Q: 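What follows is a structure written as structure tokens; I'll ask about it next.
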Amino acid sequence: MLDIKLVRENPEAIKLGLRAKKDNTDIDKLLALDSERREAISKVEKLKNKQNAASKEIAKAKRNGEDASTILAEMKEISQSVAKLATRREELDTELNNQLLHIPNPPHSSVPQGISEEDNPVVRVWSDKPSYDFELKDHVDIAEALGIYDFKRGAKLSGSGFILQRGQGARLTRALISYCLDHHTLKHGFEEIGAPFVVRPEVMVGTCQLPKFKEDMYALPDDNLYLIPTAEVPVTNIYREEVLPEEVLPKKMCGYTPCFRREAGSHGKDTRGMKRVHQFDKVEMVKLVKPETSYQELESLTLQAEEILQSLGLHYRVIELCTGDLSFGAAKCYDIELWSPGAQAWLEVSSCSNFEDFQARRANIKFKPATGGKPQFVHTLNGSGVAMPRLIIALLETYQQADGTVKIPEVLQPYMGGVGQLG
RNA sequence: GGAGGAAUGGCAGAGUGGCCGAAUGCGUCGGUUUUGAAAACCGAUGUACCUUUGCGGGUACCGUGGGUUCAAAUCCUACUUCCUCCGCCA
């Protein structure tokens, strides 16, 4: 959420930032609403002050056994106008807050200008495109031939976009989840989190899914709960409404959860196989950090996700999202894309973002400086480390062999019970 | 699912309509004392918002939301969370 004070002080800079993100909020209108709201606050509080003072008079009179009926009658009227003004004040508060919740985070100054994904610069590329001396299959053909991912029966159970994983396929997912978690916890000291898969609406507000992207979420209306679209949601919100001591920062956490996405805006896109599905497994990294370190933390977060792909021997590239392609809450974001030899295309497998204090303000996550002074908002970051289906697509296609079997990278074999290949 | 009980500052805990943003104790920070430390004593010690160039002034917050009242930590109400017991259950 934008800081309204910041908008008041730098309206032009905010306007520029929002325009770069293709947001058309009328900032002047917002500021008019803000000043109307502040005026209402002043009015109510002045009247309340009067009311409080009179209240004391009444109390004193009653204690002394004096008659207070004149002042009582007067106060009855004041009480009514306070109620009226307070209602107006609340309406304005709610309205301003609603508008603020729908305004995106302006990009960081280092983010390249651009309109769409076409304009995202490639930051770096790891290794070379693998070459093969036989005809390549895509992941669907490989998986179906091996019988490890059953798309038809997944659809039978839950509809298109739900996968049934079987045998070595299910095992491969489980192995990769463990491999990723071990990487983050053992090599980088992240705390492993096992989080709930359903959360309250206010938690979804904290990480920006609500109110604006409600239609992307699966909901359980009988219980007023939502299925999480990523572990980012419960993990970032662990410390919502709390003030942390500075010493515990940076707070580094990771967790595996399934992710549930309605993909409401992308019907008909990527329907083949498991490139875009309604339920998938992902290991997510989350950091809560001090503001002055958040950009270096973003770099190390991205590298940490990359290390997993490197150790698996996969060809990938890192791109930086330009202003026009940046998501609602992110101030800066790197995407990591794996090479899919079967489809001859890049697959987004991780998205590493710095939200600065945008989510922290929504979720009210603060820290108290060790030197004293007022609590301030932390900066939040998250990154996939990594998403399973697309990682599996790249693994199957990269390590496929002429006979239809698929090699398992060495580092993964212990997690597969020593198995060296699929099929 | 049923029956009871509870929620107050960093912690413990008092407070049943007005003098309560809240006693008291502990903790923390600063000071006095001391060679130093402890003890003792003195003082300070929440958050958000509005307003002011500043000093300051004001409003709100006693789990959360509504209500009653001139006035609510206190009364009513719904909800949330926790505890105890019963039932059910992986």
Side-chain angles (χ1 to χ4, degrees), chain A residues 1-9 30-101 194-206 210-211 220-226 234 237-249 258 357-378:
Chain A
M1 186 159 64
L2 277 184
D3 181 2
I4 187 66
K5 280 186 205 154
L6 201 71
V7 182
R8 242 181 259 154
E9 284 157 20
L30 187 82
L31 285 173
L33 178 64
D34 173 54
S35 84
E36 197 186 341
R37 169 185 148 266
R38 282 186 294 154
E39 219 169 282
I41 290 173
S42 274
K43 270 192 208 160
V44 184
E45 293 192 345
K46 271 185 194 129
L47 209 54
K48 281 216 168 197
N49 184 18
K50 199 171 165 191
Q51 194 180 32
N52 286 344
S55 231
K56 279 183 187 149
E57 293 297 311
I58 295 170
K60 207 194 274 173
K62 292 229 159 171
R63 248 178 292 139
N64 298 338
E66 293 161 13
D67 175 52
S69 56
T70 326
I71 192 163
L72 265 174
E74 207 177 298
M75 286 328 292
K76 199 153 196 165
E77 266 174 53
I78 292 195
S79 175
Q80 275 164 8
S81 36
V82 164
K84 214 178 285 170
L85 283 170
T87 306
R88 178 69 187 142
R89 180 236 152 114
E90 270 163 41
E91 284 168 4
L92 289 165
D93 257 350
T94 308
E95 177 58 24
L96 182 72
N97 202 42
N98 280 346
Q99 292 201 18
L100 284 172
L101 285 175
F197 303 161
V198 295
V199 295
R200 301 169 183 278
E202 60 268 29
V203 169
M204 290 291 233
V205 171
L210 293 182
L220 304 168
D222 286 351
D223 299 290
N224 197 23
L225 292 169
Y226 290 86
N237 278 283
I238 288 174
Y239 294 103
R240 64 178 288 109
E241 307 288 345
E242 291 193 35
V243 180
L244 300 164
E246 181 181 328
E247 301 81 64
V248 306
L249 301 180
D357 64 5
F358 194 75
Q359 293 182 327
R361 182 170 273 110
R362 287 172 160 241
N364 195 20
I365 309 169
K366 294 185 169 176
F367 74 97
K368 182 133 185 120
T371 51
K374 284 193 182 269
Q376 32 177 316
F377 290 113
V378 301

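Reminder, nothing fancy here: chain letters follow the sequence lines and each chain counts from 1. All figures in this text were calculated on a predicted structure; none of them were measured in a lab.
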Q: Is the phosphate of B:rG58, meaning OP1 or OP2, less than 4.0 Å from a side-chain N or O of A:Asn49?
A: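 For B:rG58, neither OP1 nor OP2 has a side-chain N or O of A:Asn49 closer than 4.0 Å.
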
Q: Which of these nucleotides, B:rG58, B:rA60, B:rU47, is closest to any side-chain atom of A:Lys48?
A: B:rA60

Q: Whom does B:rC75 pair with, Watson-Crick or G-U wobble, provided both distances fall under 3.5 Å?
A: B:rG67

Q: Taking pairing as Watson-Crick or G-U wobble with both contacts under 3.5 Å, can you name the mate of B:rA22, or confirm there isn't one?
A: none

Q: Could you tell me whether A:Lys43 atom NZ has more than 12 heavy atoms of other residues or ligands within 6.0 Å of it?
A: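 Not more than 12 within 6.0 Å, no.
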
Q: Has A:Lys368 got a side-chain N or O lying under 4.0 Å from the OP1 or OP2 atom of B:rG46?
A: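 No.
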
Q: What integer number of Å spans the C1' atoms of B:rG58 and B:rU69?
A: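 Those two atoms are separated by 24 Å.
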
Q: Could you measure between the two P atoms, the one in B:rC55 and the one in B:rG17, and give it in whole Å?
A: 41 Å

Q: Report the base-pairing partner of B:rG27 (Watson-Crick or G-U wobble, both distances below 3.5 angstrom), or none.
A: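 When the pairing criteria are applied, B:rU45 turns out to be the nucleotide that pairs with B:rG27.
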
Q: So, is A:Arg200 near the phosphate of B:rU64, with a side-chain N or O under 4.0 Å from OP1 or OP2?
A: no

Q: Which nucleotide wins on minimum distance to the side chain of A:Ala59, given the candidates B:rU59, B:rU80, B:rG18?
A: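 Selected nucleotide: B:rG18.
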
Q: Considering just the side-chain nitrogens and oxygens of A:Asn52, establish if one lies under 4.0 Å of OP1 or OP2 belonging to B:rG58.
A: no

Q: Is any side-chain nitrogen or oxygen of A:Arg38 closer than 4.0 Å to OP1 or OP2 of B:rU51?
A: yes

Q: Please lay out, stage by stage, how A:Glu91 and A:Arg88 fare under the test salt bridge (charged side-chain N to carboxylate O under 4.0 Å, His left out).
A: CA-CA 5 Å; A:Glu91 284 168 4; A:Arg88 178 69 187 142; 3.3 Å; yes

Q: Any side-chain N or O of A:Lys366 under 4.0 Å from OP1/OP2 of B:rA48?
A: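 The answer is yes; a side-chain N or O of A:Lys366 sits under 4.0 Å from OP1 or OP2.
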
Q: Taking all heavy atoms of A:Lys48 and all of A:Val82, pick out the closest pair and write down the distance.
A: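 It is CE-CG1, 3.8 Å.
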
Q: Which value, in whole Å, describes the distance between the P atoms of nucleotides B:rC86 and B:rU74?
A: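 Comparing P positions in B:rC86 and B:rU74 gives a spacing of 34 Å.
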
Q: Applying the Watson-Crick and G-U wobble criteria at under 3.5 Å, what pairs with B:rC85? Answer none if nothing qualifies.
A: B:rG2

Q: Are A:Lys46 and B:rG57 close enough that a side-chain N or O sits under 4.0 Å from OP1 or OP2?
A: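 For B:rG57, neither OP1 nor OP2 has a side-chain N or O of A:Lys46 closer than 4.0 Å.
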
Q: Could you pick out which residue, A:Lys374 or A:Lys76, lies toward the 5' side of RNA chain B when each is mapped onto its nearest nucleotide?
A: A:Lys374

